[in-house]
Each structure stands twice: as structure tokens, then as C-alpha cells.
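This report refers to the structure that appears directly beneath it.
Convention: sequence-line order gives letters A, B, ...; per-chain numbering from 1. The analysis underlying the following values was restricted to heavy atoms, covering all of them including side chains, and did not include hydrogens, waters or symmetry mates.
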Amino acid sequence: MSKEIFYVTTPIYYVNDVPHLGHAYTTVATDFVARYRRSQGREVFFLTGTDEHGQKILRTAEAAGLSPKEWTDQIVPRWTEVWAALDISNDDFIRTTEARHEGPVQKFMQDLYDRGEIYLGRYEGLYCVGCEQFKQPDELVDGRCPLHGTVPDAVEEENYFFRLSNYADRLIELWETVPSSVLPETRRNEVLGKVRGGLDDLSISRVSFDWGVPIPWDDKHVIYVWIDALQNYITAVGYGSDEARFERIWPADIHFVGKDILWFHTVIWPAMLMALELPLPKTVFAHGYLQVGGEKMSKSTLTGISPHDLIDAFGSDGYRYYFMRDISFGGDGDFSWEAMVARYNSDLANDFGNLASRVLNMISRYLDGSVPRVPEEAEMTLPEQSMIDVQQGTFAAIEKAMDDIAPHDALKAAWAFVRRANSYVEEVAPWKLAKDDAERRRLEVVLYQLADALRLMSLMLFPIMPKAAEKLWSRLGLEGRVEDRILPEEGRWGLLPEGNKVTIGDPLFPRIETEA
RNA sequence: GGCGGCGUAGCUCAGGGGCAGAGCAAGCGGCUCAUAAUCGCUGUGUCGGUGGUUCGAGUCCACCCGCCGCUACCA
């Protein structure tokens, strides 16, 4: 009995600054997967949100002359507006400052405490006054802070600790018996290697500042921000507030994260859940980093580029497609303006957009804009059969790639169908058929197949390019929205209704002309 | 230092014992429905180096060179 709801998450983002390309990358990938699962007919719950506690937020707010709550309230819209601009289809958006989160977090901590999983201990650390932070011994250069050149003070602080060290064996067993628990494989090997070296208990409270969720039995302490933040994945789906809902949605099918936060999601988070005997997320998938290269933005860093800059130039569809297609998901990848223009023009403007233009044009010109009668089996010739074969192979390859969490391979596969449709046009040359009255029915058959191919592409590409897919759908005279269609039901030939009026419209993806 | 990964066409990468591949870029040809588009054909490779195993090695092994990741309580 598998759970019916497919639950995917992005990390909740730390709102001490505005979103950059890296945040958008994770979020777009998660959205692609969420939309794909919905298109397969699955019920999906897609969660994202913001992480708003901790010392860094407090400092950022102070620097801006605001209270931490005022700071987060004014910056959260900067995040939600980017997600809206990227057509992110999240079902919920949780903020860790919401009561629905903070209350259940306290319950979670109290439960851990009651079970003896938390104890009061001392954190001994090296504190740099200049940084106002604890330093790890290996961060120091000759025993001095590399930033301030001073010798940090040895400081002891009373903290609550979680018995993380008890869970090393169970974590190792999990990773060894369930390979999909941490992906890609290289990331699983990383945590496996580290945890085999042993685990220390984890300090989970702070006393030096108060911007956080109070420890329920000792409110001098606030919960360490990561411990609070990780719980968003369960508080948002009813943990501690609606147990029936929680049981229906949890566990997550996939937590998407960047590789920088792998440790928290594959060690600390599962150990916390184990401690309360809660189900574990099925997969934590850690993708790589984006690097910025190329000329046009060579002076920019990743954090210096706003997603808005690229959305303005390429549209949300172009943005989503580029990052999902050009970067092998899981590994590190390079972003460059030049590569993005090249990919956009070649795949979207030339291959796909132009295919739509030429087909819609020919139907308007040769068939008065009306979708002809659905071809009979007997009217199909070799080229039609070949295109159908390619389409079926493509859909199967996409399914395989998405099951493997390889969006880049899925899109690569998708283009086999787009290319085949273009070569089919050349093969059957409708403009020649149009000159011969005796070929009238043949002309109808090939143009029907092409229009129907566009319908199938609209379904196929909706998860990655929702705007273009909806546009194309309506240009084919189809009712309703692609969003509401189920691929396994409608992803076959011959479902485009006879008599639909097509409209040509503007190019779906206007070419981007490069200056110089 | 330890553990792990990568190095294949001009570019981005796939392939993991049996005739070196894809897309893009380039060159040539075709077509005229289309967004200077599209279709077809064509390259070029010491598969990072050296040495091994094997009838046979991008592929397996050893060493070397060059990049890179991880090495936990800053989100």
C-alpha cells in the first residue's frame, strides 16, 4: 500500500537576503517534478517556505533598523514574487515564524525531551569576539581567526544537546539498505563515509540571543535555528495540529536540497525523526552548485544576479527550460548568458516554437484553419508510423528519466519527438500536397498528425513550460487548460477534435538576437 | 593528510571489455509551410599520460599529471 499523495519539498530559504539563481534553481527543479507528477495523475503536495529565525536574521534586521519580525515581513514578499514570476506551483508556503509552525515545534522538542533524547550539557567552543561567532578549530590559522587575526576565547555555554551519536548505526543501515534514501550516489557515499567516522551529540539550543522558538521547558534557551527549520516539513502537513492529515501526507517522497545542506537533511533530520519513531523521508536529493561563467555576466557572482533579470529576457518558460535542460541535475553546473541564449534559440525558438508556427500556418493557409477529420488506421503510412513510434519512445524515456530524478535527461529525450516532427514536415512536404487537388485527403492526414503532435507536445512540455503549453493548447482550439489534463489518459494520438479552429498567434519563443 | 569524483570532437556532454557517439557550433547541399527557419550529408578525436591484465581496453588494474567535492552544530 503506497501512500497516494506525492509530497515534495524545497528547503525553506533563509531570508536574510533576496533570492538568487541558486535558490531559484532548486525551486524550479522541485516545481518541474511536482507538475510532472500531477500530470501523471498523482495527487501532489508541494511545499516551500522561509526560514526566519536565528542570529543572522536578528543582525540583518538590526542593521536595517527593524525588528526581526518587521524585517522578515518585508522581505518575504520578495521571495514569493519571484516564485510567482517563475510559475512555481507550490501548494503551501510555510514561514517558521507562524504559530502553526512554532507550536508544533515545541511539541516535537518536548517529546524528544520526555523521551530522554535531549540533555543539558556544555558547549565548549572557541569564540571570536570580532566575528561574534564560535569557530571550528580547523577554521583557525595558527590558532587565530583568519578574519580578525585574534586568538579566540575559549568559552563555555550551557546548551541542550540532542543524542545524535546514538543514531550513527541506524543511519548507516538505512543508507546501505535503501540506496534511494540519499541521492545522487556520490552524496550518499559522502555521508556514509563521514558517519562511519562517528557522530557527536548536537547542540540544539542557544542562550546568547532570543530570536527563535523558546525551549518549552526552559525559556532562557531558544531552539537552534536548523533544528527549528527542518521541522517545517512536518509542521506544514499537520504534525502537532492535525494528525490525520499528517499521516496522510507524511513522509515526503523527495526533499530537494543543495549539496551545502546535505548533512542537515541526511543525518540530523532523519535522526530526529528516528528519535520520535516517525517515518523518514523516502529520498533526499542533493543537487550541485551553479557557477557563473561567460562574458556578459562575468563580473557577476551567482548571488549578484537576480532571477528577474533572466525572466525579463527569456520568460519564465525559457528560464525554467534552460536551467533544467543545460545542467545535469545532481552535479555542479555553469550558468552563462551566452549558453542560455544558445539553448533558448536552438531548442525553443528554432525547433519547438518554429514547429508550432509552421504547422499552425499551414493549417490556416491550406485548411482554412480547421482541424480535419481524424485519420483512419488505414490512412497511416510509414512516415506517420515512424513519428508515432518516436513519440511513444520519447514518452517512455521521459518517464524513466523522471523516475530517476534526471530532469535534464527527460528534456533531452523530449526533443527527439520535436525533431522528428520537424523532419516529418520535410518528409511529407504539405506545401506540395496543397498544390494537387488529388492529394487533398493526404494533406488533411499529415496536417492532422502535425496538429495532434503539437497537442501531445503541449501535454509533454507543460511541466517544464506551463505558459507556452497553455498557449499552444488554446491555439489548437482546445477547451480548458493543459494543467487539468492527465497524460496517461490523453497522451495518445487522435484526440484532437475535428473542426477545432486553430489560431496562429505570435511566436511562442521569439528568437533572441545577439548584439555584436 | 584521509575518503570520493572527474579528464572523450571547437563547445557541452553520453558511453564503463567487441567497428568511437549525441546536441550545439562549422562546411556543403536541399526545401520554401515557418521565427534568417527547417531537412539531409560531411568532418576532425594520440578517449589526460605511462605501464599492465586480456584474443581484444575510453571501458578493468597500478602509478603519474591536472581539475573538483566532502572532511558536521555560519541557513
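- Regarding the sugar-base torsion, B/G16 falls in the syn class, its angle being within 90° of 0.
- If you check every strand for non-hydrogen atoms under 4.0 Å, A/Pro430 touches nothing.
- Using a 4.0 Å heavy-atom cutoff across all strands shown, A/Arg365 reaches sugar-phosphate atoms only and no base atom.
- Using a 4.0 Å heavy-atom distance criterion, A/Gly330 is classed as making no nucleic acid contact.
- Taking 4.5 Å as the limit, every side-chain heavy atom of A/Phe417 sits out of range of all side-chain heavy atoms of A/Leu461.
- Of the candidate nucleotides B/G30, B/A72, B/G40, B/G40 has the atom nearest to the side chain of A/Ser423.
- Contact annotation: A/Lys194 reaches the phosphate of B/U71 (side-chain N/O to OP1 or OP2, under 4.0 Å).
- In this structure, A/Trp337 has its ring center at least 6.0 angstrom away from the ring center of A/Tyr344.
- A/Leu199 comes within 4.0 angstrom of a nucleotide base, judged by non-hydrogen atoms across all strands.
- Remark: B/A26 base-pairs with B/U42. Criterion, Watson-Crick or G-U wobble with two distances under 3.5 Å.
- Closest to the side chain of A/Tyr366, out of B/C33, B/A72, B/U38, is B/C33.
- Pairing for B/A62 is with B/U50, a Watson-Crick or G-U wobble pair whose two hydrogen-bonding atom distances lie under 3.5 Å.
- Judged by atom type and distance alone, A/Glu426 reaches the base of B/G30 through a side-chain donor-acceptor pair under 3.5 Å.
- For the ring-ring contact (aromatic ring centres under 6.0 Å, His included) with A/Phe335, the lone residue among A/Tyr319, A/Phe323, A/Tyr25 that qualifies is A/Phe323.
- Nucleic acid contact class of A/Lys259 (heavy atoms, under 4.0 Å, all strands): sugar-phosphate only.
- Pairing for B/C73 is absent, judged as Watson-Crick or G-U wobble with the two contacts each under 3.5 Å.
- Among the nucleotides B/A72, B/U38, B/U35, the one closest to the side chain of A/Asp351 is B/U38.
- In this structure, A/His408 places its NE2 atom 10 Å from C1' of B/G23, rounding to the nearest Å.
- Of the candidate nucleotides B/C73, B/C24, B/C70, B/C24 has the atom nearest to the side chain of A/Ser346.
- When Watson-Crick and G-U wobble pairs are counted only if both distances are under 3.5 Å, B/A20 pairs with no nucleotide at all.
- Counting any heavy atom pair closer than 4.0 Å across all strands shown, A/Gly353 reaches a base atom.
- Here A/Phe264 and A/His255 keep their ring centres 6.0 angstrom or further from each other.
- If you check B/G69, B/C33, B/U35 against the side chain of A/Phe509, the one that comes closest is B/U35.
- Separating the C1' atom of B/U46 from that of B/G4 is a span of 29 Å, rounded to the nearest Å.
- Nucleotides B/G16 and B/C73 place their P atoms 39 Å apart, quoted to the nearest Å.
- A residue-by-residue look at A/Glu190 and A/Arg419 shows that A/Arg419 has its nearest nucleotide of RNA chain B further toward the 5' end.
- In this entry the distance linking CZ of A/Arg511 with P of B/A36 reads 7 Å, nearest Å.
- As judged by a 4.0 angstrom heavy-atom cut-off over every strand, A/Arg325 is placed among residues making no nucleic acid contact.
- In this structure, A/Arg196 atom CZ and B/G4 atom P are separated by 11 Å, rounded to whole Å.
- Of the candidate nucleotides B/G23, B/C31, B/U38, B/C31 has the atom nearest to the side chain of A/Trp431.
- For the pair A/Pro507 and A/Lys412, both in contact range of RNA chain B, the more 5′-proximal nearest nucleotide belongs to A/Lys412.
- Using a 4.0 Å heavy-atom criterion, one finds that A/Ala229 contacts no nucleic acid atom at all.
- The interatomic distance linking A/His287 (NE2) with B/C70 (P) rounds to 13 Å, in whole Å.
- Using a 4.0 Å heavy-atom distance criterion, A/Leu508 is classed as a base contact.
- Between B/G2 and B/A14, the two C1' atoms lie 32 Å apart (nearest whole Å).
- Atom pair A/Asp260:CG and B/C70:P shows a separation of 9 Å (rounding to whole Å applied).
- Other residues, nucleotides and ligands place more than 12 heavy atoms under 6.0 Å from the NZ atom of A/Lys501.
- Pair check for B/C67 finds B/G5; Watson-Crick or G-U wobble, both atom distances under 3.5 Å.
- On the P atoms, B/C65 is 25 Å away from B/C13, given to the nearest whole Å.
- With ring centers used as reference points, A/His408 lies 6.0 Å or more from A/Phe329.
- As a whole-Å value, the separation of A/Asp334 CG from B/C68 C1' is 12 Å.
- Comparing the C1' positions of B/U59 and B/U53 gives a spacing of 13 Å, expressed to the nearest Å.
- On the P atoms, B/G5 is 26 Å away from B/C19, given to the nearest whole Å.
- A/Tyr224 carries A/Arg206 over the face of its six-membered ring, with the cationic atom under 6.0 Å from the centre and within 45° of the normal.
- If you take CD of A/Glu427 and C1' of B/C31, they are 14 Å apart, rounded to a whole angstrom.
- Heavy-atom neighbours of A/Asp436 CG from other residues, nucleotides or ligands within 6.0 Å: above the threshold of 12.
- Taking atom CE of residue A/Met387 and atom P of nucleotide B/C39, one finds them 14 Å apart after rounding to whole Å.
- Salt-bridge annotation for A/Arg188 and A/Glu176: absent, with no side-chain N of the basic residue lying under 4.0 Å from a carboxylate O of the acidic one.
- Base orientation at B/G51 is anti, since its O4'-C1' glycosidic dihedral falls outside 90° of 0.
- One C1' atom belongs to B/G15, the other to B/G7, and the distance between them is 15 Å to the nearest Å.
- Going from the P atom of B/U44 to that of B/C61 covers 31 Å, rounded to whole Å.
- Heavy atoms of A/Asn189 sit nowhere under 4.0 angstrom from any nucleic acid atom.
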